[in-house]
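What follows is one structure encoded as structure tokens, with my remarks underneath.
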Amino acid sequence: MTEIPENHPRYFSLLTRERIVEGVNLGITSMQGLIAQGRGECFDYLLGEKTNAFAEKSETVAAAMLILAEKPIISVNGNTAALIPEQMIRLSGIVGAPLEVNLFHRTDERINRIINHLKDNGATEVLGEKGDEKLPLSHGRGTVDSDGIFSADVVVVPLEDGDRCETLVNMGKKVITIDLNPLSRTSRTATVSIVDNVVRALDGIANAALEMQDWDREQLEKLVESYDNKATLKKSLAAINENLRHMADEVL
Ligand code: PTJ
């Protein structure tokens, strides 16, 4: 990995980029994952490269939904495996949601590499190898484990292409997505859309879950019921507008 000086003004962004490139070199991340990361970076820039208040709210609601879930699961792809293995394992342990590798560009080789990578980072059990059930999708993401995504009631899908999200919602599952693009089909169809970078969002959900661990079911259900996903997406677009206005009026 290229050494990034800590005093570089874009240190964290460059470090994240290095991690994704390293993921490609390790055969974990797809080449297409690099393009996805670039698109995400652009939206992150427009959102101020921070967890905005609306995203913090979504992360709290996501945490409540995961605590309430009977059979939650966290889906892992080539980008999240490279960027946030430790954070996914931490969240998995806190809310009792197993990890399942589920890939758009699915090959057995990459599934196994990602499973081993997660285990090297401390995961004890990772689903996804079996692939004994099918979602009604014509690409690799349709292949899932019967005891994982297929039978889960709440699915966390960080960084996604839209049609699986829609399929899971149509199957009656609650879907929590993390996508920096508030206009994506994923963000528009999810039950809870977290418009934040995965490098910040997973810890946001995990920390909120720890804070709410003593809440009773009624309190958690009230929080989940009060959530309005469309309003959240509108707030994220307003934040982008506001940032652009600020840039044009005060920064240039
Ligand atoms: O590993 P695979 O084979 O499952 O493939 C994974 C990718 C990401 C290549 C695949 O799912 C894909 O092509 O995704 P898309 O359609 O490019 O969508 C990715 C979305 O994630 C885009 O809306 C990006 O803005 C967003 N995104 C990218 N990086 C981040 C992100 N959102 C949050 N955090 C990021 N770091």
query: Taking atom CZ of F54 and atom CG of D196, what is their separation to the nearest 0.5 Å?
result: 8.0 Å

- request: Take I20 and E41, measure what side chain to side chain contact (heavy atoms under 4.5 Å, CB included) needs, and give me the verdict at the end.
  value: CA-CA 12 Å; I20 278 283; E41 276 182 15; over 6 Å; no

- prompt: If you look at every heavy atom in P182 and S236, which pair is closest and at what distance?
  reply: CB-OG, 3.1 Å

- prompt: Is the backbone of L137 close enough, under 3.5 Å, to the side chain of D163 for a donor and an acceptor to pair up by distance?
  reply: no

query: Should the heavy atoms of other residues, nucleotides or ligands under 6.0 Å from NZ of K174 be counted, would the total exceed 12?
result: no

- prompt: CG of L15 to CZ of R19: how many Å apart, nearest 0.5 Å?
  reply: 6.5 Å

- prompt: When rounded to the nearest 0.5 angstrom, what is the spacing between CD1 in I73 and CG in L99?
  reply: 8.0 Å

- request: Begin with the C-alpha distance, continue with both residues' side-chain angles, and end with the deciding distance and a verdict on side chain to side chain contact (heavy atoms under 4.5 Å, CB included) for I194 and I205.
  value: CA-CA 10 Å; I194 300 171; I205 305 172; 3.7 Å; yes

- prompt: Given I84 and D203, is the side chain to side chain contact (heavy atoms under 4.5 Å, CB included) satisfied, shown in steps?
  reply: CA-CA 10 Å; I84 48 162; D203 277 341; over 6 Å; no

field: Spacing of CD belonging to E166 relative to OG1 belonging to T186, to within rounding of 0.5 Å
entry: 9.5 Å

- request: Flag the pair K222 and E218 as a salt bridge only when some basic side-chain nitrogen lies within less than 4.0 angstrom of an acidic carboxylate oxygen.
  value: no

field: Atom of N197, atom of L180 and distance for their closest heavy-atom approach
entry: N-CD2, 3.4 Å

- prompt: Do R141 and E160 meet the salt-bridge criterion of a basic N to acidic O distance under 4.0 Å?
  reply: yes

ring-ring contact (aromatic ring centres under 6.0 Å, His included) partners of residues 86-115, not counting sequence neighbours, each pair once: F104-H139

task: Show your reasoning for whether side-chain hydrogen bond (donor to acceptor under 3.5 Å, both in side chains) applies to T232 and K57.
output: CA-CA 9 Å; T232 302; K57 175 76 196 281; over 6 Å; no

- prompt: Would you say E129 has more than 12 foreign heavy atoms packed within less than 6.0 Å of its CD?
  reply: no

- prompt: So how far is it from R188 CZ to D179 CG, rounded to the nearest 0.5 Å?
  reply: 10.5 Å

message: Check for me, please, whether L210 and V154 land in the same ILVMFWY cluster - side-chain distances under 4.5 Å, paths through other members count.
response: yes

- prompt: Is a side-chain N or O of T29 found less than 3.5 angstrom from the main chain of G78, in a donor-acceptor match?
  reply: yes

query: Is there a chain of hydrophobic side chains (I, L, V, M, F, W, Y, each step under 4.5 Å between heavy atoms) that links V192 to W215?
result: yes

- request: Specify the closest pair of heavy atoms between S187 and S193, including all atoms of both residues, with the distance to one decimal.
  value: O-OG, 2.6 Å

task: Determine, stepwise, if the pair L135 / F150 fulfils side chain to side chain contact (heavy atoms under 4.5 Å, CB included).
output: CA-CA 8 Å; L135 304 179; F150 191 78; 4.0 Å; yes

- request: Following the transitive rule for hydrophobic clusters with a side-chain heavy-atom cut-off under 4.5 Å over Ile, Leu, Val, Met, Phe, Trp and Tyr, establish whether L183 and L46 coincide in one cluster.
  value: no

message: Return the CD to CD1 distance between E100 and I74, rounded to the nearest 0.5 Å.
response: 11.5 Å

field: Exercise: identify the closest heavy-atom pair between L83 and P85
entry: C-CD, 3.5 Å

field: Same cluster (ILVMFWY, side-chain, under 4.5 Å), L223 and V175
entry: no

query: Do N207 and R90 have side-chain atoms, one donor and one acceptor, less than 3.5 Å apart?
result: yes

- prompt: Do you know the tightest heavy-atom contact between P158 and N77?
  reply: O-ND2, 3.8 Å

- prompt: Does the distance from a Lys or Arg side-chain N to an Asp or Glu carboxylate O, for E242 and R245, drop under 4.0 Å?
  reply: yes

query: Is there a chain of hydrophobic side chains (I, L, V, M, F, W, Y, each step under 4.5 Å between heavy atoms) that links V198 to L34?
result: yes

Side-chain donor or acceptor of K173 paired with backbone N/O of T167 under 3.5 Å: no

query: Would you find more than 12 non-hydrogen atoms of other residues, nucleotides or ligands less than 6.0 Å from K235 atom NZ?
result: no

- prompt: Counting heavy atoms not belonging to F12, are there more than 12 under 6.0 Å from its CZ?
  reply: no

field: Whether over 12 other heavy atoms sit under 6.0 Å from E56 CD
entry: no

message: Main chain of R10, side chain of S13: is a donor-acceptor contact present, judged purely on distance under 3.5 Å?
response: no

field: Any donor-acceptor N/O pair, N102 side chain to S75 backbone, under 3.5 Å
entry: no

query: At their closest point, which heavy atom of A123 faces which heavy atom of I89, and how far apart are they?
result: N-CD1, 3.6 Å

field: K130 atom NZ, over 12 foreign heavy atoms within 6.0 Å
entry: yes

task: Check whether any side-chain N or O of T191 sits under 3.5 Å from a backbone N or O of I176 as a donor-acceptor pair, and report yes or no.
output: no

